[in-house]
Structures are given as C-alpha cells and as structure tokens.
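Positions are given from 1, in the same order as the sequence printed here. Side-chain atoms are counted along with the backbone in the values below, which use heavy atoms only and exclude waters and symmetry mates.
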Amino acid sequence: LKYGGIPGSVHAGMRLLEYEGSADPDDQIYTAGILQDVGASTYYQPILKQLSSPFDEVRNGALRAAIEVINPQLIDGIITNLSDRNTRSAAMSALLAHGDHLPQKAQTILGNNTDSRLDKHVVARIARVLGQLKSEASTDTLRQQISHPDVVIRSAVLSALRSSQYSAA
C-alpha cells in the first residue's frame, strides 16, 4: 500500500478490503496490523469500524493501529474503549499518540458537566492523558477545569496538572 505504486496499491487495497469485511476476528486483526504498519492517517475508516467490534482482541488490534494511524476521527472510538478494562491500556496509549488532537475534544468533554454518556472515571482517564501530554493546549484545558463540580474528575485534573509540572504562580 505504501510503496506499491497505483497498480500495487489497488491490488493490496482490494485484498485488504476482503480481510476487513471478513467476520473472522483474525482477519480483522490482520487488517489492523497492516494499517498499523502503513501508518497513513487517511486509512482510518477500517480502524474506526474495528474500535466498536464485539471482540476485545479486534478492538485492541485497532487501538494498536490507532497509535500509528493518527486521525481525529478515531478519538471518539478510542475514548469509548477507555471504559472496558480489557481495552483500557491500549486506549490510553492510542489517546496519548493522538495528543495534538486531544485537547480540543477533551475541552468539550470536561466542560460538559451534563454529558451522561461518559462515565466520570472515563473522563478522569482523559484528564490523566492530558497531564501526560505536557503541552500548552493540554495544560490550558486542564487549568479550565480546576473547579470541576465532580470530585473524581476534579481530583484527576489536579493530579494531571501536577504530573505536567504546572505551576499556578
């Protein structure tokens, strides 16, 4: 896909679509692995679909691929996997890899106190990832939530600010 020229890319893409459309989880994991190796942000669509697979191993493969295939369209699917303990670690790594795209999305999530779609522990994990990014944008997003009304989220925000070496001075 990466260096095959037009004929090679077309042929490889057709084969990849066969695997991606397969009901066999092993084929879907294989597809995620190829997309991970290619690492092209424009090839995010199969990964997005795999992030909602009923199979943990397919979602974990997609999350590993999302570390290399950076596309803001994947962030919601990655965040969804933070709530499952079988995919949480890989989802945290994928979110960290999407660092440049995360603060804007996180600002919406952290600022939306009435968003009942996300468990407060998932929101707290997002805050922790922001603390690991140590960027100006992530620190600004966290700083805006120092007084978050939920104690779990507020505690995660403060902890994330500490880990990012934020100083209120």
Side-chain angles (χ1 to χ4, degrees), residues 1-110 115 117-119 121-142 156 160 163-164:
L1 281 171
K2 213 174 197 180
Y3 305 112
I6 294 173
S9 294
V10 169
H11 178 71
M14 289 174 61
R15 294 282 297 167
L16 192 61
L17 286 173
E18 288 175 28
Y19 284 113
E20 189 260 332
S22 171
D24 184 349
D26 290 333
D27 289 344
Q28 295 173 26
I29 294 166
Y30 178 72
T31 302
I34 290 172
L35 294 172
Q36 178 181 356
D37 289 343
V38 173
S41 64
T42 54
Y43 294 161
Y44 73 92
Q45 294 93 342
I47 297 169
L48 184 60
K49 180 179 174 186
Q50 292 168 345
L51 288 171
S52 61
S53 170
F55 302 105
D56 291 344
E57 61 272 17
V58 172
R59 291 196 318 273
N60 274 312
L63 289 163
R64 285 188 302 274
I67 292 170
E68 301 299 327
V69 179
I70 306 299
N71 190 301
Q73 298 296 320
L74 295 174
I75 292 178
D76 285 338
I78 295 168
I79 288 172
T80 300
N81 281 281
L82 288 172
S83 61
D84 185 335
R85 66 181 174 91
N86 296 319
T87 56
R88 184 174 302 144
S89 177
M92 294 284 280
S93 296
L95 268 186
L96 196 53
H98 280 76
D100 290 344
H101 302 289
L102 185 58
Q104 182 177 349
K105 179 69 175 179
Q107 188 170 22
T108 303
I109 292 169
L110 288 166
D115 190 349
R117 293 178 303 122
L118 291 177
D119 177 80
H121 298 287
V122 169
V123 177
R125 287 183 192 103
I126 294 167
R128 287 199 264 306
V129 170
L130 286 172
Q132 292 177 326
L133 292 175
K134 298 180 181 173
S135 70
E136 187 176 329
S138 62
T139 301
D140 287 345
T141 299
L142 289 167
S163 72
S164 71

I'd like to check [X] versus [Y] (side-chain heavy atoms, cut-off strictly below 4.5 Å). Are they in contact?
X: Lys105; Y: Ile79; value: yes
X: Thr139; Y: Leu133; value: no
X: Thr80; Y: Leu51; value: no

Atom pair [atom1] ([X]) and [atom2] ([Y]), whose distance is rounded to the nearest 0.5 Å:
X: Glu57; Y: Thr87; atom1: CD; atom2: OG1; value: 11.5 Å
X: Gln50; Y: Gln45; atom1: CD; atom2: CD; value: 11.5 Å
X: Leu96; Y: Arg128; atom1: CG; atom2: CZ; value: 13.5 Å
X: Leu130; Y: Gln107; atom1: CG; atom2: CD; value: 10.0 Å
X: Ile47; Y: Ser41; atom1: CD1; atom2: OG; value: 10.0 Å
X: Leu102; Y: Ile126; atom1: CG; atom2: CD1; value: 7.0 Å

Using a 3.5 Å distance criterion without hydrogens, assess whether the side chain of [X] forms a donor-acceptor pair with backbone atoms of [Y].
X: Ser53; Y: Lys49; value: no
X: Asn81; Y: Gly77; value: yes
X: Gln28; Y: Ser22; value: yes
X: Asp119; Y: Ser83; value: no
X: Asp56; Y: Asn86; value: no
X: His98; Y: Asn71; value: yes

Least distance between heavy atoms, [X] atom then [Y] atom:
X: Ala32; Y: Ala65; result: O-CB, 3.4 Å
X: Leu74; Y: Tyr44; result: CD2-O, 3.7 Å
X: Pro46; Y: Leu35; result: CB-CD1, 3.7 Å
X: Leu118; Y: Val122; result: CD2-CG1, 4.1 Å
X: Ala127; Y: Ala160; result: O-CB, 3.2 Å
X: Ile67; Y: Ala97; result: O-CB, 3.6 Å

- Message: Between Leu95 and Leu82, is the side-chain contact (heavy atoms from CB on, under 4.5 Å) condition met? List the steps.
- Response: CA-CA 10 Å; Leu95 268 186; Leu82 288 172; 3.6 Å; yes
- Task: List the steps and the verdict of side-chain contact (heavy atoms from CB on, under 4.5 Å) for His101 and Ile75.
- Result: CA-CA 8 Å; His101 302 289; Ile75 292 178; 3.5 Å; yes
- Query: For Gln104, does the CD atom have more than 12 heavy-atom neighbours from other residues, nucleotides or ligands under 6.0 Å away?
  - Reply: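 Atom CD in Gln104 is not crowded, with 12 or fewer foreign heavy atoms closer than 6.0 Å.
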- Query: Does any donor atom in the side chain of Thr141 or Ser138 lie under 3.5 Å from an acceptor atom in the other side chain?
  - Reply: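 On atom types as modelled, these side chains do not qualify, holding no pair under 3.5 Å.
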